[in-house]
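Residue numbering restarts at 1 for every chain, and letters A, B, ... go by the order of the sequence lines. What you see is a predicted model, and the numbers here were worked out from it, not measured in a lab.
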2 protein chains.
Amino acid sequence: MSAVTTEGILRGSRLSVTASRRRILDLFLEKDIALSHQDIEAVTSGSFDRVTVYRTLQTFLEKGLIHTVPSSDNVVRYALCKDACAEGHHHDDHVHFVCDSCGATTCIDEVSIPPIRLPGGYRVRQIGMVVNGTCGRCG
Amino acid sequence: MSAVTTEGILRGSRLSVTASRRRILDLFLEKDIALSHQDIEAVTSGSFDRVTVYRTLQTFLEKGLIHTVPSSDNVVRYALCKDACAEGHHHDDHVHFVCDSCGATTCIDEVSIPPIRLPGGYRVRQIGMVVNGTCGRCG
DNA sequence: ACGATATTGCAACAAAGTTGCAGAACAAAG
DNA sequence: CTTTGTTCTGCAACTTTGTTGCAATATCGT
Ligand SMILES: [Mn+2]
Ligand SMILES: [Mn+2]
Ligand SMILES: [Zn+2]
Ligand SMILES: [Zn+2]
């Protein structure tokens, strides 16, 4: 089974292959950075209805194909999940990097988030880490 | 100089004391958790115009009285800065905790964010950490 | 108490996100 | 390849969220 192609990935998540899903998934695969709804709209500019983009992202989220990236502005960004993620179980314990210069948000899968001890009472379930700075291209 | 009272804090930041500023700052002081624009609207319900709340939050941000808290939803939340923060220089290197049960977002000032090493090329300027789990009240 | 200045509320607008529904596209079966 | 049940898309209408200009009002130093 070819899970490496766009169609393969969609079929692997039991999703029917449609133009918008193919296009949006392709975008994530080729850009390899986190994308906001707006980013996608800008690139596909009118190819699909705004609502379709919202619904496609929602579907990808539910199927575990993408995950949201925490941020300090009010913009929700989505990034491709790696193989470890599935419909129920997300494997999102890696660092996210936001470049102050080019604005790109990247998943740094190589670096895992250090454990942390909180004062009594708090029970930790998941930790998210967002690093700001300059990326290799902009440094 | 009494910087411990609401008025004292406002005057300390060279802000004129108005009803909305007093009320909103009071909210932050008494709740001691991060508040969204919507949270504030809900509590003050019609006392102030929506625009005034936006502008008040913006002013507090600029004066270094509050800071934004990173999140995974699209909601911007604000939390009181501690004394270390000032108009120019923010001192925001602490952990933020989001309770899955009650939804409260809290600044954990006691725990500072551990340093991290990124692969070559990346230059780190600031690190944000958001921990999800259950808080003491809900645990 | 007065007057310069800063702040507020209103209205109008722009952007972002949601929902219901009819028609089109898809996948499976024949 | 065609049929057929089901899913997906686009449209329209709407809600929510955030922004801007401006006149009226409140604040603060004198
Ligand atoms: Mn990621
Ligand atoms: Mn904080
Ligand atoms: Zn960059
Ligand atoms: Zn709680």
Side-chain angles (χ1 to χ4, degrees), chain A residues 1-3 5-27 34-63 65-66 68-69 71-78 87 103, chain B residues 1-2 5-27 34-63 65-66 68-78 87 103:
Chain A
M1 198 253 284
S2 53
T5 71
T6 308
E7 295 203 3
I9 295 174
L10 289 173
R11 291 235 156 77
S13 294
R14 296 181 311 285
L15 288 173
S16 49
V17 178
T18 69
S20 55
R21 286 175 183 170
R22 202 181 344 225
R23 186 71 211 289
I24 293 175
L25 182 51
D26 267 342
L27 269 182
L35 301 173
S36 65
H37 169 92
Q38 198 175 229
D39 292 336
I40 295 170
E41 283 264 293
V43 175
T44 62
S45 67
S47 305
F48 312 107
D49 193 86
R50 225 157 43 86
V51 179
T52 300
V53 177
Y54 280 117
R55 288 198 271 225
T56 301
L57 289 171
Q58 190 56 40
T59 302
F60 284 2
L61 254 190
E62 286 163 3
K63 291 294 183 177
L65 287 177
I66 59 179
T68 59
V69 179
S71 75
S72 289
D73 51 16
N74 52 350
V75 181
V76 186
R77 265 170 271 266
Y78 305 88
E87 187 153 351
Chain B
M1 198 254 285
S2 54
T5 71
T6 309
E7 294 203 4
I9 295 174
L10 289 173
R11 292 235 156 77
S13 293
R14 296 182 310 286
L15 288 173
S16 48
V17 178
T18 68
S20 54
R21 286 176 183 170
R22 202 180 343 225
R23 185 72 212 287
I24 294 176
L25 182 51
D26 268 341
L27 269 181
L35 300 173
S36 65
H37 170 92
Q38 198 175 230
D39 293 336
I40 294 170
E41 283 264 294
V43 175
T44 62
S45 68
S47 305
F48 313 106
D49 193 85
R50 225 156 42 86
V51 179
T52 301
V53 176
Y54 279 118
R55 288 198 272 225
T56 301
L57 289 171
Q58 189 56 40
T59 302
F60 285 1
L61 255 190
E62 287 163 1
K63 290 295 183 176
L65 287 177
I66 59 179
T68 60
V69 179
S71 75
S72 287
D73 51 16
N74 52 351
V75 181
V76 185
R77 265 170 271 265
Y78 305 88
E87 188 154 351

B:Thr44 vs B:Leu27, side-chain contact (heavy atoms from CB on, under 4.5 Å): CA-CA, chis, key distance, verdict: CA-CA 9 Å; B:Thr44 62; B:Leu27 269 181; 4.1 Å; yes

Would you name the heavy atoms of [X] and [Y] that are closest together and state the gap between them?
X	Y	answer
A:Ser36	A:Val75	CB-CG1, 3.6 Å
B:Ala34	B:Val69	CB-CG2, 4.1 Å
B:Ser16	B:Arg21	O-NH1, 3.0 Å
B:Thr68	A:Ser72	OG1-O, 4.1 Å

Base, sugar-phosphate, or nothing for B:Ser20, non-hydrogen atoms under 4.0 angstrom?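 B:Ser20: backbone/sugar contact only, no base atoms under 4.0 Å.
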
Tell me, do [X] and [Y] make a side-chain contact under 4.5 Å, heavy atoms counted?
X	Y	answer
B:Val17	B:Arg11	yes
B:Leu65	B:Leu15	yes
B:Phe60	B:Leu10	yes
A:Leu57	A:Val53	yes

Given atom CZ of A:Arg55 and atom C1' of C:dA16, what is their separation to the nearest angstrom?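 These atoms are roughly 15 Å apart.
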
Starting at CG of A:Leu57 and ending at C1' of C:dA16, how long is that distance when rounded to a whole Å?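 To the nearest whole Å, that distance equals 14 Å.
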
Could you tell me the separation between the CZ atom of A:Arg22 and the OG1 atom of A:Thr5, rounded to the nearest 0.5 Å?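 Answer rounded to 0.5 Å: 9.5 Å.
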
Distance in Å, B:Ile24 CD1 paired with B:His37 NE2, rounded so as to fall on 0.5 Å steps: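 Taking CD1 in B:Ile24 and NE2 in B:His37, the distance rounds to 9.0 Å.
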
Could you check which residues of residues 44-54 of chain A get a heavy atom under 4.0 Å from DNA chain C? Sort them by number, please.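 Of all residues in residues 44-54 of chain A, the ones placing a heavy atom under 4.0 Å from DNA chain C are A:Arg50, A:Val51, A:Tyr54.
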
Choosing from C:dG17, C:dT19, C:dT8, which nucleotide comes nearest the side chain of B:Arg21?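 Between C:dG17, C:dT19, C:dT8, the one nearest the side chain of B:Arg21 would be C:dT8.
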
side-chain hydrogen bond (donor to acceptor under 3.5 Å, both in side chains) with B:Asp26: which residues, sequence neighbours excluded?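 Expected list: B:Thr6.
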
Reading DNA chain D in the 5' to 3' direction, which nucleotide is the first one with an atom under 4.0 Å from a heavy atom of chain B, and which is the last?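 Under 4.0 Å from chain B, the extent on DNA chain D is D:dT17 to D:dC28.
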
Take A:Arg50 and A:Glu41 through the test salt bridge (Lys or Arg N to Asp or Glu O under 4.0 Å) and record every step on the way to the result. CA-CA 7 Å; A:Arg50 225 157 43 86; A:Glu41 283 264 293; 5.1 Å; no

Side-chain (B:Ser71) to main-chain (B:Asp73) donor-acceptor, under 3.5 angstrom: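 It does hold such a pair.
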
Angle between the end axes of the helix from C:dA1-D:dT30 to C:dG30-D:dC1, five pairs per end, to the nearest 10 degrees?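 The helix from C:dA1-D:dT30 to C:dG30-D:dC1 shows an end-to-end axis angle of 40°.
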
Interface with DNA chain D, restricted to residues 34-42 of chain B and to heavy atoms under 4.0 Å: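 Close to the strand are B:Gln38.
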
Take nucleotides 22-30 of chain C nucleotide by nucleotide from the 5' end and write B, S or -, depending on whether a protein heavy atom sits under 4.0 Å from the base, only from the sugar-phosphate, or from neither. ----SS---

Any chance you could lay out the side-chain contact (heavy atoms from CB on, under 4.5 Å) test for A:Ile40 and A:Thr56, step after step, and finish with the verdict? CA-CA 11 Å; A:Ile40 295 170; A:Thr56 301; over 6 Å; no

